Amino acid sequence: LSLKFGDVGNLKGLVIRFLLTTSYYQLSVQNWFTLHRLQLLYNDSIQATFNATRIYAPASYSYHCEHVSSLQRYDALLIPSSANDLSKLWEVTFIDFQIQGFNIQEGHFAYAKDCASFFSPAILMGLVMSLILLLVLAYALHMLIHLKSLDRHYECKASPTYFAQMKDHDMGDEKEPLRSSGNESYELRNQQFCKIYI
């Protein structure tokens with residue numbers, strides 16, 4: 001597949017040539033086309049050649065990608081074929097690239113197989129963050145389920161530290177007269193306090 005631009009500046013007879021092949025794969029039971037190589041021709045000779053990687057689609061489909069480039073920031077689907085030719089001096093980038101070499105009907109592209117991966121870095125980061133948030137939510141629910149209510153854990157006990165034990169447990173509150181001048185008064189010896197368990 002050749003795109004002929006003619007004379008562009010100092011480039012005489014600029015042509016971009018796409019070398020496509022089609023193959024039948026028994027596993028998918030259909031033909032697939034593959035872009036193997038991209039060549040830049042001007043001045044009636046091949047000046048640069050790039051090997052294409054991961055550019056393929058079913059023969060009845062077209063192939064679409066936002067960027068097909070030789071630059072690393074665009075994932076470098078085009079790789080210079082040799083260090084000896086002029087490919088290293090060229091930077092090739094196609095924006096909104098779509099190609100179909102076979103089974104073209106009525107001059108329109110068929111349904112496009114897109115180059116976007118299902119597991120791009122952004123998608124993977126979203127999955128990791130979702131997993132972290134899910135773990136935090138599960139831990140919070142676990143803590144809420146096992147939270148103890150204050151109403152059921154009141155317990156009143158006599159203090160063994162501050163008050164002496166009663167010899168006779170059946171006795172009520174023992175009263176002991178206070179020694180005072182003239183008047184008789186009583187104090188409670190068995191006092192209680194409440195502990196709260198949380």
Side-chain angles (χ1 to χ4, degrees), residues 1-139 141:
L1 178 65
S2 296
L3 300 178
K4 297 181 179 180
F5 293 93
D7 296 341
V8 179
N10 295 327
L11 306 178
K12 304 299 181 183
L14 176 63
V15 176
I16 299 177
R17 181 184 294 167
F18 302 92
L19 301 176
L20 298 139
T21 61
T22 181
S23 301
Y24 179 78
Y25 292 95
Q26 292 183 353
L27 190 62
S28 61
V29 197
Q30 62 181 337
N31 289 317
W32 286 64
F33 78 87
T34 304
L35 175 61
H36 284 285
R37 197 169 291 115
L38 181 142
Q39 296 175 336
L40 297 175
L41 297 86
Y42 62 92
N43 297 335
D44 300 322
S45 63
I46 297 174
Q47 301 295 325
T49 303
F50 295 88
N51 292 328
T53 61
R54 305 193 309 273
I55 300 178
Y56 52 84
S60 58
Y61 286 47
S62 63
Y63 174 87
H64 175 265
C65 197
E66 189 65 30
H67 294 97
V68 171
S69 176
S70 61
L71 302 177
Q72 287 298 327
R73 69 171 177 265
Y74 295 129
D75 201 17
L77 295 177
L78 302 175
I79 300 171
S81 62
S82 172
N84 298 328
D85 62 9
L86 298 176
S87 302
K88 292 282 188 182
L89 303 177
W90 286 79
E91 291 181 355
V92 179
T93 301
F94 297 99
I95 299 173
D96 198 18
F97 178 83
Q98 189 166 1
I99 191 171
Q100 181 178 350
F102 309 97
N103 301 325
I104 299 171
Q105 297 179 0
E106 299 179 1
H108 297 289
F109 284 117
Y111 179 81
K113 175 190 176 295
D114 204 278
C115 67
S117 172
F118 289 109
F119 291 102
S120 64
I123 293 174
L124 287 176
M125 183 59 69
L127 289 175
V128 170
M129 292 303 297
S130 299
L131 181 62
I132 292 172
L133 291 175
L134 190 63
L135 289 174
V136 170
L137 179 62
Y139 179 75
L141 288 174

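Excluded from the calculations below are hydrogen atoms, water molecules and symmetry mates; all remaining heavy atoms, backbone and side chain alike, are included. Given the structure is predicted, the values throughout are model-derived calculations rather than measurements.
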Colleague: Could you walk me through whether I132 and V128 pass the side-chain contact (heavy atoms from CB on, under 4.5 Å) check?
Modeller: CA-CA 6 Å; I132 292 172; V128 170; 4.1 Å; yes

Colleague: Just by modelled atom types, is the A76 backbone N or O under 3.5 Å from a matching donor or acceptor in the S70 side chain?
Modeller: no

Colleague: Out of curiosity, T34 OG1 to I55 CD1, how far, rounded to the nearest 0.5 Å?
Modeller: 10.0 Å

Colleague: Taking the side chain as everything from C-beta on, heavy atoms only, tell me whether V68 gets closer than 4.5 Å to L38.
Modeller: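 They are not in contact (no side-chain heavy atoms under 4.5 Å apart), so the answer is no.
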
Colleague: If I compare all heavy atoms of R17 with all of L19, which pair ends up nearest, and what's the gap?
Modeller: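 What the structure gives for the nearest pair is CD-CD2, 3.8 Å.
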
Colleague: Would you confirm whether S62, through its side chain, and A110, through its main-chain N or O, come within 3.5 Å as a donor-acceptor pair?
Modeller: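 A pair under 3.5 Å: yes.
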
Colleague: Report the distance from atom CG of L77 to atom CG of N51, rounding to the nearest 0.5 Å.
Modeller: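 Result: 12.5 Å between the selected atoms.
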
Colleague: With a 6.0 Å cut-off (strictly less than), is the heavy-atom count around CZ of F109, excluding the residue itself, greater than 12?
Modeller: yes

Colleague: Looking only at heavy atoms, which two atoms of A112 and Q98 are closest? And how far apart?
Modeller: CB-NE2, 3.8 Å

Colleague: State the OG-CZ distance between S60 and F102, to the nearest 0.5 angstrom.
Modeller: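 It comes to 12.5 Å.
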
Colleague: Looking at side-chain heavy atoms only, is the closest gap between P58 and K113 below 4.5 Å?
Modeller: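 A side-chain contact under 4.5 Å exists here.
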
Colleague: Does some side-chain heavy atom of I16 sit less than 4.5 Å from a side-chain heavy atom of L40?
Modeller: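 Contact flag for L40/I16 side chains = yes.
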
Colleague: Among Y61, Y63, W32, whose side chain to side chain contact (heavy atoms under 4.5 Å, CB included) with Y56 holds?
Modeller: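 By the side chain to side chain contact (heavy atoms under 4.5 Å, CB included) criterion, Y56 pairs with just one of Y61, Y63, W32: W32.
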
Colleague: Evaluate the side-chain proximity of L133 to L137: yes if any heavy-atom separation is below 4.5 Å, no if none is.
Modeller: no

Colleague: Begin with the C-alpha distance, continue with both residues' side-chain angles, and end with the deciding distance and a verdict on side-chain contact (heavy atoms from CB on, under 4.5 Å) for Y42 and F5.
Modeller: CA-CA 10 Å; Y42 62 92; F5 293 93; over 6 Å; no

Colleague: Taking all non-hydrogen atoms of both residues, which atom of T22 and which atom of A59 are closest, and how far apart?
Modeller: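 The answer is OG1-CB, 4.3 Å.
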
Colleague: Answer yes or no: is there a side-chain heavy-atom contact under 4.5 Å between D75 and H67?
Modeller: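 In short, these two side chains do not touch, never coming nearer than 4.5 Å.
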
Colleague: Once rounded to the nearest 0.5 Å, what's the spacing between atom OG of S45 and atom CD of Q39?
Modeller: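 Interatomic distance, S45 OG to Q39 CD, rounded to 0.5 Å: 11.0 Å.
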
Colleague: Any chance you could measure S81, atom OG, to K88, atom NZ, to the nearest 0.5 Å?
Modeller: 10.0 Å

Colleague: Closest approach of W90 and A48, non-hydrogen atoms and distance?
Modeller: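 Minimum heavy-atom contact is CD1-CB, 3.8 Å.
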
Colleague: Test side-chain contact (heavy atoms from CB on, under 4.5 Å) on Y24 and V29 and set out the steps.
Modeller: CA-CA 7 Å; Y24 179 78; V29 197; 3.6 Å; yes

Colleague: Is the closest side-chain heavy-atom distance between F94 and L78 below 4.5 Å?
Modeller: yes

Colleague: Identify, with sequence neighbours excluded, every residue that meets salt bridge (Lys or Arg N to Asp or Glu O under 4.0 Å) alongside R37.
Modeller: none

Colleague: With rounding to the nearest 0.5 Å, note down the distance linking CG in L41 to CD1 in I46.
Modeller: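 If we round to the nearest 0.5 Å, L41:CG and I46:CD1 are 5.0 Å apart.
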
